*Asks:* 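Next up is a structure, given as structure tokens.
Every heavy atom of this structure was used, including side-chain atoms; hydrogens, water molecules and symmetry mates were not. Chain A is the first sequence line, chain B the second, and so forth, proteins listed ahead of strands; every chain is numbered from 1. Model, not experiment: these values are computed from the prediction.
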There are 2 protein chains.
Amino acid sequence: MRTLKFAVLGLLNRRPMTGYEIGKEFDYELGQFWNAKHSQIYPELKKLLDEGLVVFDVEISGDILEKKRYTITEKGQLELLKWLHKDEPLEKTPKDIFRLRMYFSNNLDLESRIHLLESQLIQHEKRLSILNKTMEQYPEGVPPHDTDRFGDFIVLESAIMREEYAIEWIKKCMGYCKAALEKEQGKTK
Amino acid sequence: MRTLKFAVLGLLNRRPMTGYEIGKEFDYELGQFWNAKHSQIYPELKKLLDEGLVVFDVEISGDILEKKRYTITEKGQLELLKWLHKDEPLEKTPKDIFRLRMYFSNNLDLESRIHLLESQLIQHEKRLSILNKTMEQYPEGVPPHDTDRFGDFIVLESAIMREEYAIEWIKKCMGYCKAALEKEQGKTK
DNA sequence: TTCGGCATGTAACTCGTTACATGATTTT
DNA sequence: AAAATCATGTAACGAGTTACATGCCGAA
């Protein structure tokens, strides 16, 4: 499906970048829904070059270091636009190891379950608080629909909602476990 | 990380199954968070056999057809239990092609965006309605915490909440696009 | 008797991660 | 001077998908 291809084209359509800079982009908003390491990015850039979708200029940084700054071509922009318009069926639901674990959790005692849930809860709350902090960069609310910031904003909002949903579910599960625990302890007393 | 290994062990810990039946399990609740095709399952079963975590009996169906019914061993149960207790850090956030598309959507006209969002919305609503239908199988509410049905129930609940969050986000985005569209049309008039 | 589902396997390929490899530049 | 970061690449491996390959069983 070559999705990385379009992630890279989309980024280069924002501004010319080096492979290294493309990698850095995944540290920000976009990283919540896509990611790639440099070991995947450099070969992809080479492919895009062969396909004529990008070109590069060599830039000298300092005395020796050569940086390849890639720019999207007109052909690249056309391919990107075509991909953006694609109305595709829903993807397979993504895998989730923690939910797999909880699926089999009837084999664990209630205390262990609560401990695992608590640990996940803390981590999700931490992640959510970072995302909320990032959201403070948009005090003006929704950015104009024809700017890059619009994309940044809506995926950030999605990431925040995803964390909120994750937290809500974990709390629900903890509620079930704690209720069962109290019922059991009531019996033993 | 060998996660499939534990998915298979967990299923066999519920009841002995053939490779084919393991594949079928992913059509139900568990399939919302894990999946594997038979081409992955059969080699995995062979590995588990070599590791002494499962055994199998040959069962004759009809006159000729041989079915291998796998059973988890005590060693397998121990490994499963050990894995279930593991408190691991949050996974990388999963990739999402639609959100990647929306991240770059400032390059699309508002009508195209609304069209894409509408299409996703319909599909998510369809999926949600199927999940809600499945939930009707639990009229008694939360099943007992020490039964297989507890796992079935909580992952189903998670799947429903995930769809609800997806729908909420899409509606929000559509709201932004429609507001921008009306503002633009107001200008042209 | 034919079609859909049951049943088991392998092979080729894509995608992604970790590790290997190297070296320059900037900051402390 | 050392450490962190910038910068570019390749190799080996693991996970997962699609396609190849075969054949039985039960129902219409």
*Asks:* For nucleotides 12-14 of chain D, list the nitrogen or oxygen atoms of the protein found under 3.5 Å from its nitrogen or oxygen atoms, one pair per line.
*Replies:*
none

*Asks:* Nucleotide by nucleotide, 5' to 3', does protein get under 4.0 Å of the base (B), only the sugar-phosphate (S), or neither (-) in nucleotides 18-24 of chain D, counting heavy atoms?
*Replies:* BB----S

*Asks:* Under 4.0 Å between a side-chain nitrogen and a carboxylate oxygen: does that hold for A:Glu51 and A:Arg2?
*Replies:*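 A salt bridge is present here (some side-chain N lies under 4.0 Å from a carboxylate O).
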
*Asks:* Does one side chain, of A:Arg162 or A:Gln32, offer a donor that lies under 3.5 Å from an acceptor on the other?
*Replies:*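 The criterion, which ignores hydrogens and geometry beyond distance, is satisfied for A:Gln32 and A:Arg162.
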
*Asks:* B:Leu11 versus B:Phe26: any side-chain heavy-atom pair under 4.5 Å?
*Replies:*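 Yes - at least one pair of side-chain heavy atoms lies under 4.5 Å apart.
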
*Asks:* Would you mind listing every side-chain hydrogen bond (donor to acceptor under 3.5 Å, both in side chains) that reaches into residues 54-66 of chain A, with sequence neighbours excluded?
*Replies:*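 Only A:Glu59-A:Arg69 qualify under side-chain hydrogen bond (donor to acceptor under 3.5 Å, both in side chains).
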
*Asks:* More than 12 non-hydrogen atoms from neighbouring residues, nucleotides or ligands closer than 6.0 Å to CD on A:Glu74, yes or no?
*Replies:*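 Atom CD in A:Glu74 is not packed in, count stays at 12 or less.
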
*Asks:* Between A:Arg99 and B:Trp34, is there a donor-acceptor pair closer than 3.5 Å when you use the side chain of the first and the backbone of the second?
*Replies:*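 Checked: no pair found.
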
*Asks:* Considering every strand and a 4.0 Å limit on heavy-atom distances, what is the contact class for A:Lys92: base, sugar-phosphate, or nothing?
*Replies:*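 The residue A:Lys92 makes sugar-phosphate contact but no base contact.
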
*Asks:* Less than 4.0 Å between a side-chain N and a carboxylate O, is that true for A:Glu21 and A:Lys67?
*Replies:*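 Looking at A:Glu21 together with A:Lys67, the answer is no, because their closest N to O distance does not fall below 4.0 Å.
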
*Asks:* Using a 4.0 Å cut-off on heavy atoms, which residues in residues 19-27 of chain B reach DNA chain D? List them by number, or say none.
*Replies:*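 None - not one residue of the stretch has a heavy atom sitting under 4.0 Å from the strand.
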
*Asks:* Is there any side-chain hydrogen bond (donor to acceptor under 3.5 Å, both in side chains) pair reaching into residues 166-176 of chain A, and which pairs are they, with sequence neighbours excluded?
*Replies:*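 Qualifying pairs, neighbours excluded: A:Tyr176-B:Glu157.
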
*Asks:* Roughly, in whole Å, what's the span from CG in B:Asp57 to P in C:dA7?
*Replies:*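 Rounded to the whole Å, the gap is 15 Å.
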
*Asks:* Specify the separation, in whole Å, of atom NZ of A:Lys47 and atom P of C:dG16.
*Replies:*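 Interatomic distance, NZ of A:Lys47 to P of C:dG16: 10 Å.
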
*Asks:* Any side-chain N or O of B:Lys95 less than 4.0 Å from the OP1 or OP2 oxygen of C:dG16?
*Replies:*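 Result: yes.
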
*Asks:* It should be established whether A:Lys68 places a side-chain nitrogen or oxygen under 4.0 Å from OP1 or OP2 of nucleotide D:dG9.
*Replies:*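 True: A:Lys68 side-chain N/O within range (under 4.0 Å) of D:dG9 OP1/OP2.
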
*Asks:* Please give, in whole Å, the distance from D:dA7 C1' to A:Ile60 CD1?
*Replies:*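 In whole Å, D:dA7 C1' and A:Ile60 CD1 are 12 Å from each other.
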
*Asks:* For the helix from C:dT1-D:dA28 to C:dT28-D:dA1, measure the angle between the helix axis at one end and the axis at the other, each built from five pairs, rounding to 10°.
*Replies:*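 Computed angle between terminal axes is 30°.
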
